[in-house]
Structures are given as structure tokens and as C-alpha cells.
Amino acid sequence: MKPKFGILWTILVVLAMVLSGCTQPAAPTAAPEPAKPTEAPKATEAPAAAPTEAPKAAKVVIATDAAFPPMEYVDEKSKEMVGFDIDMMNAIAKAMGLEIEYKNTAWDGIFAGLESGAYDAILSAVTITDERKEKYDFSDPYINAGQAVVVLVDNTTIKSDKDLPGKTVGAQIGTTGAIAVGKISGATLKEYDTIDLAFLDLTNGAVEAVVVDTPVAADYALASEQFKGKLKIVGEPFTEEYYGVCVVKGQQADFLKAFNEGLKKIKADGTYDAIYAKWISGGEMTKPATGGEAPAATAGVPKAIDAAIKIGIAAPLSGDVKTFGESTRDGALMAIEEANAAGWKIETVVVDSKCDPQEAANAANKLVFEDQVKYIVGEVCSGASIPISQITEKNKVVQISPTSTNPAVTVNEDGSTKQYVFRACFIDPFQGQVMAMLAQELGAKTAAVLYDVGNDYPKGLAEFFKATFEKNGGKVVVYEAYTKDDTDFSAILGKVAAANPDVLFLPDYYSKNNLIAAQVKEKGIKATLLGGDGWDSPDLKADLFEGGYFSNHYHPGDPRPILQNFVKAYTAKYGKTPDALAALAYDATRLLIQGISEAGVDDSTKVAEAMAKIKYDGVSGTVVYDAQHNPVKNAAIIKIEGGKQTFFKSVAP
Ligand code: ARG
């Protein structure tokens, strides 16, 4: 059951606003008096009262505009502040031992009050925006809530945000809703101090639409006694927005840290999901009151199916390529959290498969037989994905590898396609060809190639590079194998130094290449270093590869909006720029979720069938599968310049 928001609530809020003069500019004192903040202890004083007193009391004073249901509002019976934000903050405070006092504060002026020190933080469904980030610091995002368009239930002319030019549109003053309307040329913005007044004017015919955050549209405009049956949501949420807790830049670092840690805790123990389910209607919220198409709760998340799903994530979380595993896990989890926030019920089991054939097989057996997952995202390394695929294929478990590029991952030895196995990336014949052609564009006539003979990925990539390079008239002057445990490459590098090639192709993973490249330097070898997607790691020692190039699946500087939104959200969540491993894991997981959605049931055979026919638009490009379950995708060539990965160019197949 969702809470009800009666007319009384509205009257109370309007009254409070009028009494407190909230239409005046920005003074923090203009805030409506809290209608009894949830039992704030009296003992400590607000920081504004004693700003210079040494060590600040542990209590954190948080402003919220409690007029924004279901995020925060004053309950008509108890007169207490309630809502998603309040429950979430209380749960985090409990988990972290924080003491919180809430201050009910009018939205218009809430940021000014923060700057003047009237409180320590704002928790008020505040969207994290670039403009705001110039002045304020934000917590990790805790909800994705795009702008929804609300109209009268019998309106037939406005079907989405695209129909707003020429219309008068209401929004709360100073909100991202008002900003979004301001950007629609030809639309006239009418601003309101509180959002209920905008809905009132909509029912009175003074505005033709209201633009507001999706939860408020779905769980207040459509659900409150006052407006129920009168309004509907049209179109899809047309912005992507994340809420965060907001503090003055450079301040309250301890509180933000505690908040983020607490958020992780309440997500891990299920508290967050329970709070979400209590306040936000998830599946329900996507349904307008009558007619119209259902807008997605979270932009881009496909419709949830009515079943709990279990997904295994197999990634190398320890060992030589552990950054691959960490990025893969983080990208996949982000996609799953977004889906769960939009009404999916996905449980996740993460295993460390260590980029090793035996460890990977053990991990897959655990996922399939103990955890009974029907879907696996992983592995990164082809040499680990191949043994996993033998288990998944046999047991009808859908597997999607984000970044394993060796052809054998999706194809049986007899050349037939594995029915249950997919990938989100291009394959090594293409990658090898791209790098061989680049070498020749750079004027190379001769190449040396070194590879790990016991590892499918470098071994395959070396062969594909050599084939194209020679086909196009180049000469491979050194082609030498080493083994996994080798650390001394002086013998084979001696041969390279003697042959003095134009380029040296190093198709292995970053950690091995770090070792090799250091010895390349020592030997004074001048060849331009080239490699594949295995180079992509924050732990690649860039100075050893200066002037080198490698092929990759994506570059974070690519300006496409879908990619930039991902980069922004990922960076906000994890505090680092996503590498290709993270981006592809995010794509692979979303692709799988779309496959489940299109199948409509938790049935791995049906999901595999849906995936074979899928058209998925992702961060790293569009995926449509060929007969071998390989997507046809561009490669990004990255150049190491000034110690940084710079985008060189994109190459189409
Ligand atoms: N998310 C929107 C923004 O940040 C609206 C927030 C309004 N919040 C409120 N409690 N009135 O601009």
C-alpha cells in the first residue's frame, strides 16, 4: 500500500507557506516552521548558532522542503515529516550512528540557507546537476528520477514533452523541472512555490501541463485523494536525473562519507529496497491513471517482469587483472541497481573467477548448481569465459561476456553457435585487423609480436594481427611466445632489438605488458608499442607506453549523450571515470535485462531466443547479433599521450 496524500495536507502546506512568507526571496528564516521534525533531540545547538565552537557536535542539521510527496512531506495526522528521503536518511543514520535534525525549509531559498550556514546539508529530492556541482558537493546518487509530463486525464493533444512548445507549463520554482521547461523553446513556464499549487492550477485549467520529478508525478499527482483520477502522465521521463544529498563544496566531508557508506549498507541489507517499495510504486508508477503509454520509471530500463531474477557475475576480482574484475562488477551492479530502482527484483551473486580456466569453471559450477542462477554476466578473460561457456551451454544458463573477444567463447569446436552464450563486444579477428591496419597507416613495414602461448586471448589476437599485417604486405620479423609465469623477457627482447621493427605488438593484459614494456625500455627498443583491449586499466604504467596505441570498446570522451550520461552517473557513484570494462559490463547486463524483459518470463531458453533477436542501444554502441552471437561494433583506437589515454579515432568494421 502506498501512503495517501489528502487535501488536508495540501491546505496545511499552503498555509505554512503563506504564513511563513515563503514567496519572499531566499532568507533561511522564510522557511516554514517544521510541523514537528521527527523527534529531534534538543540537547545540541544548530551549527549556525555556534559556528566557531571547536569540534562540531556529531549532530547534522538537514534541510528539507517537506512539500514534495512521496519524497518528503508532512503527514496530515501525525504532523510529522515523512517520506522516502526521511526513511532513507533515518535508516542510514541508524546504520552509521549519526544524529540528525531535520529543518523544514521552503525550496525557494533552500540553497541560500545552506550557503549561509543555517544547516549542514539538504536532503530534498535534490538532483545532482553540473551547475549545482560547481557550488556544492553531493553524496552518491540514491535514486534516478527523470522529469515527467503530467496533464489532465482527458487531454488528447499533449502526448509527451515533444508537444509542449506553444503550451503553458507549470513547475516548481528553481527546480530541474522548471529548468527543463525553460529549455523547451516556445513553451511558457509558470512557476510555483510548491508543486501542489502547480497541480491545482492544472486542474483549474491555468496551465496545460506540469513538469515534475517522476516519483512526485506517479505517487502524488496520480495517487493523492485530491488529484486521483483527474491527471495522467504522458510520454516517458524525458531527462535522466539522480538525487543526492547536497552540502557546501569542501564541507561536511565526514557526513558525506558516512552517508555513502550507510547507503551501501542499507542497500546491502535490503532496507533500502523496503523503503523504496513503501514509497515508490515501481511498476505501478509507470502506469498513467488512464490510457496513454507507460513511461519507464528509470529512463531506459526495460519493463520489469513479474518474477524475482537471480544473476551471477563472474569476474577476476583478484590476481593479475583485478582492475578488470572490479570495473566489471561495478558496471554490472550499477545496471542492476537501476533496474531494481525501476521495479525489477534482481538478486546478484558475485564470484571471483580470477581470469583462470580452472577457477572460472569452479566459480561457474557454484553459480549454476549451488546458487541456481539462470543468467551469468562474465567472464572478462576469454580463457575463463570459454570453460564457463561449456558449463552454461550444457545447463541452459544464459551467459553474456562483456569483454571476452576470442571467437571460441560463443562458438563450439564443430563451428556451431552456443545457443546460450553471447557477448557485448567485438571479436579478436576484427581487433587484430584494426591494429594491423593502424600500424600500416603509421607507416610500419616491419612488426614484432610477443604473446602468451597458453592464453587464448593473446595467442588469438597475435595470430589475427599477423595475418592482416602480412596480407597487406608487412613483414613480421619476430613472432615469439612466452608463458604465463615468465618474468624475464631478455632473450626474446634481444631478438626484437636485433630486428629493430617499426612496431611491437603486445596483445596480452596490462600487468604482463607492464613487465615487458619496462624491459623494452631497458633494451632501448624504439618500436611503437601496439596492443588490444587488454591494455585498458588504471594500472597500466602509461609512461612505459608513451606514444603507443591500443584498440578498445569505448572512450569516455565520446560525446554521445547516452555515453555521457553513463559516464556522469558512474563517476558520481564510484568516484572514478568508467573504463571500457565498466562500460561493457553495464551494457552486457542491461542487454541481458532487456532480453529477459522481451522474453517476458524467467525462462533461460526463451531469454536466449530473445537475445539472439535483440536490438540493444547501449553506451558502447548498438548491438544486433550475427549468427555466432557476436555484435558488429566499432573499435576505438586509444593513444597514450602525455601519460593519458586520448581518443585517436573510431574504426568501423
Ligand atoms: N529534483 C528537482 C531538483 O532538484 C526537484 C526537487 C524539489 N524538491 C523539493 N523537496 N521540493 O530541482
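Both ligands and their constituent atoms are indexed starting at 1 by order of listing. Treat the numbers as computed from the prediction; the structure is a model and nothing was measured.
Distance from atom 2 (C) of ligand 1 to its nearest protein heavy atom, with residue and atom name: T176 OG1, 3.2 Å. Nearest protein heavy-atom contact of atom 11 (N) of ligand 1 is D65 OD2, 2.7 Å.
Of the heavy atoms in Q147, none comes closer than 4.0 Å to ligand 1. Counting heavy atoms under 4.0 Å from ligand 1, residue D213 touches it through the side chain alone.
You'll find the ring centres of Y220 and Y73 outside the 6.0 Å limit. Between Y136 and F111, a ring centre-to-centre spacing shorter than 6.0 Å is recorded.
Ring geometry for F566 versus Y570: interplanar angle of 30 to 60°, hence tilted. Classification of the F84-Y272 ring pair by plane angle, with boundaries at 30° and 60°, yields perpendicular.
For a threshold of 3.5 Å applied to N or O pairs, the pair formed by T175 and ligand 1 contains no separation below that value. Checked against a 3.5 angstrom limit, the closest N/O atoms of Y243 and ligand 1 fall outside it. Between E241 and ligand 1, not a single N/O pair is under 3.5 Å apart.
Judged by distance alone, the side chain of E101 and the main-chain N or O of V61 form no donor-acceptor pair under 3.5 Å. The main-chain N or O of S620 is found under 3.5 Å from a side-chain atom of D587 such that the two form a donor-acceptor pair. Under a 3.5 Å cut-off, the side chain of D163 and the backbone N or O of K159 do form a donor-acceptor pair.
The closest heavy-atom contact to atom 10 (N) of ligand 1, among the options A125, S124, A106, A67, comes from S124.
Of all the atoms in ligand 1, the ones that sit under 4.0 Å from a non-hydrogen atom of V126 are 4 (O).
For M71, the heavy-atom gap to ligand 1 stays at 4.0 angstrom or more.
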